[in-house]
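Working notes, beginning with the structure itself.
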Amino acid sequence: AKAKGKNNFQFFSDDMALIASRKIALENDMRRAITNKEFMLYYQPQIQVETGDIIGMEALIRWQTVGGDVVSPGEFIPLAEETRLILPIGEWVLYTACEQAKKWHDAGHSHLKLAVNLSPLQFIHDDLMDVVEFTLRKTGFPASSLELEITEGVAVEDAETALTRMRELRKIGVRIAIDDFGTGYSSLNYLKRFPLNNLKIAQPFVQDMATNPYDKALVEAMVFIAHNLNMSVIAEGVETDEQLSLLKELGCDEIQGYLYSKPLSAEQFTELLVHGEIS
Ligand code: C2E
Ligand code: CA
Ligand code: CA
C-alpha cells in the first residue's frame, strides 16, 4: 500500500509539473500574441424574441497562434486574469469591438447594441473609466449602445467598489449586464442594489429547462425578478426550437445561441446584416 501511495504521489506531482510548465509556456505565448496580433474578435448575434430581429452582438475573443492552433478563451482568459495580461488584452478587445461596431452603425445599423465581456480585474481596475471614455471618444461609438458584461463574482469581493464603478459607468451612459446569472454566488440583494440593465441567464439553466421542470421554474423566476427590477432578460446558449418556444412563453426578451447563429467573424456578421444569411 505504501509503494502504491508513493506512485500515486509521483504521478500527481508529474502531472502538476506538466500543468505548471504548460502554464508558463502559455503565458509566454500570450505575451507574444499581443504584439503579434494573434487575437481576433468574433461576434454572436443577439436576437429579440418577439420580432426575431438582430438587436446586437456579443464580442468574443479568439486566439489563433502563429502555429495555427486555436486556443479557446476558456483556457487562456483565466490565465490572462491571473497574470494581469487581461488588462492590455481587454483594452484591445474593447477598442477593436467598438471600432468594428461603429462601422456597422455607420453602414445603417445604428440600432445595434454591442456587448463586451469585462473580467473582474478589468472591472475593478482604477483605469477602467479612462479606458472606456478614451475608447468611446476615439472610435466615436455611442456610450448608450455599449453594454459591459460582468459576472456575479465582482460583487462578492467588494460590493461597495462594484457599486461605485457601476454608477460611474451608468453616469456616462454605458449599460451593464450581469453575465452567467445563477451560476455564481447570486444574491438577490445585489440585483436590487446594483444599477443593472440586463440579466443574462446562464447556459445550463437554458439547456436543461426543456427536460427539467426545476430549471424551467428557475428560468421563470429569473425572468419575473428581472422584469420587476426593470431589467431585460437574455437567455444564453439557446440551441433548440423547444428551448426558444419555452423562453417565449416565459417572457424572455432576447436570446443568443447556436439555434440562431454561432459567433461569426466580422466579415460573416456583415454578410448576415446585409443579406440576412451567410453563404
Ligand atoms: P460567455 O461570456 O458566457 O460567452 C458565451 C460562450 O458560450 C461563448 O464561448 C460562446 O461561443 C458560447 N456559446 C454561444 N452560444 C452557444 C450555444 O448555443 N451552445 C453552447 N454550448 N455554447 C454557446 P467562448 O467564445 O468560447 O467564450 C467562453 C468564455 O470566455 C466567455 O463566456 C467569457 O467568459 C470568456 N470570454 C470570451 N471573450 C472574452 C473577452 O473578450 N474578454 C473576457 N474577459 N472574457 C471573454
Ligand atoms: Ca458574456
Ligand atoms: Ca455568459
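Both counts, for ligands and for their atoms, begin at 1 and track the order of listing. These numbers come from the heavy atoms of this one structure, side chains and all, not from hydrogens, waters or symmetry mates. From a predicted model like this one, the values you see are computed outputs, not experimental measurements.
If you check which protein heavy atom lies closest to atom 27 (O) of ligand 1, you get P73 CG, 3.4 Å. Of the protein's non-hydrogen atoms, P263 CG, 3.4 Å is the one closest to atom 11 (O) of ligand 1. Closest to atom 18 (O) of ligand 1, if we only count protein heavy atoms, is Y258 N, 2.8 Å. Looking from atom 4 (O) of ligand 1 to the surrounding protein, the closest heavy atom is L60 CD2, 3.6 Å. Nearest protein neighbour of atom 38 (N) of ligand 1, counting heavy atoms only, is I61 N, 3.1 Å. The protein non-hydrogen atom at the shortest distance from atom 41 (O) of ligand 1 is V93 CG1, 3.5 Å. For atom 5 (C) of ligand 1, the nearest protein heavy atom (residue, atom name, distance) is E236 OE1, 3.8 Å.
Considering just the N/O/S atoms of D180, the one nearest the Ca ion (ligand 3) carries the name OD1. The name of the N, O or S atom in D179 nearest to the Ca ion (ligand 2) is OD2. In terms of distance to the Ca ion (ligand 2), the nearest N, O or S atom of E149 is named OE1. Counting just the N/O/S atoms of E58, the one with the shortest distance to the Ca ion (ligand 2) is named OE2.
Taking all heavy atoms of E239, K262, K200 into account, the minimum distance to atom 20 (C) of ligand 1 is reached by E239. Checking N117, I255, V116 against atom 42 (N) of ligand 1, the nearest heavy atom belongs to N117. Of the listed options E149, Q203, R62, Q203 places a heavy atom closest to atom 12 (C) of ligand 1.
Looking at N197 and E147, their side chains never bring a donor and an acceptor atom within 3.5 Å of each other. With 3.5 Å as the limit, one finds a donor-acceptor pair spanning the side chains of E81 and S119. Between the side chains of S232 and N198, a donor-acceptor pair is found at a separation under 3.5 Å. Side-chain contact, Q46 with Q256: a donor N or O sits under 3.5 Å from an acceptor N or O.
Distances from ligand 1 to the non-hydrogen atoms of G237 include at least one value under 4.0 Å.
For ligand 1, none of its N or O atoms has an N or O atom of Q256 under 3.5 Å away. Geometrically, ligand 1 and D179 share a nitrogen or oxygen pair separated by less than 3.5 Å.
Linking ILVMFWY side-chain heavy atoms closer than 4.5 Å, directly or via other members, places L87 and V154 in a single hydrophobic cluster.
Inside a 4.0 Å radius of atom 25 (O) of ligand 1 there is at least one protein heavy atom. Using a 4.0 Å threshold on non-hydrogen atoms, atom 34 (O) of ligand 1 does not count as touching the protein. Remark: atom 44 (N) of ligand 1 lies closer than 4.0 Å to at least one protein heavy atom.
The Ca ion (ligand 3) has an N, O or S atom of E236 inside 3.0 Å of it.
Under 4.0 angstrom from ligand 1, the non-hydrogen atoms of E58 all belong to its side chain.
Between D253 and H227, the closest side-chain pair of non-hydrogen atoms falls below 4.5 Å.
Taken from CD in E168 to CG in L163, the straight-line distance is 10.5 Å, to the nearest 0.5 Å.
Nearest approach of A202 to E236, heavy atoms of both residues: CA-OE2, 4.0 Å.
The side chain to side chain contact (heavy atoms under 4.5 Å, CB included) test with I150 is passed by exactly one of I124, I176, N117, D180: I176. With respect to F269, the side chain to side chain contact (heavy atoms under 4.5 Å, CB included) criterion is satisfied by exactly one of L41, I278, L264: L264.
Of all atoms in ligand 1, numbered sequentially from 1 with element shown, those under 4.0 Å from a heavy atom of Q44 are 14 (C), 15 (N). Close approach to Q207 involves these atoms of ligand 1, each under 4.0 Å from a residue heavy atom: 19 (N), 20 (C), 21 (N). Within ligand 1, counting atoms from 1 as listed, the ones closer than 4.0 Å to a heavy atom of D180 are 3 (O). Near V238, meaning under 4.0 Å from one of its heavy atoms, ligand 1 places the atoms 18 (O).
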Dump the intermediate steps for salt bridge (charged side-chain N to carboxylate O under 4.0 Å, His left out) on D106 and K103, then the final yes or no. CA-CA 5 Å; D106 289 348; K103 288 182 190 159; over 6 Å; no
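Ion pairing between a basic and an acidic side chain is recognised when a charged N comes within 4.0 Å of a carboxylate O; E254 and K200 show no such pairing. Using a 4.0 Å cut-off between charged side-chain N and carboxylate O, E27 and R31 make a salt bridge.
Taking the six-membered ring for Trp and thresholds of 30 and 60 degrees, W104 and Y43 have ring planes more than 60 degrees apart, a perpendicular arrangement. Between W63 and F76, the ring planes lie perpendicular to each other; the angle is over 60°, past the 30° to 60° tilted range.
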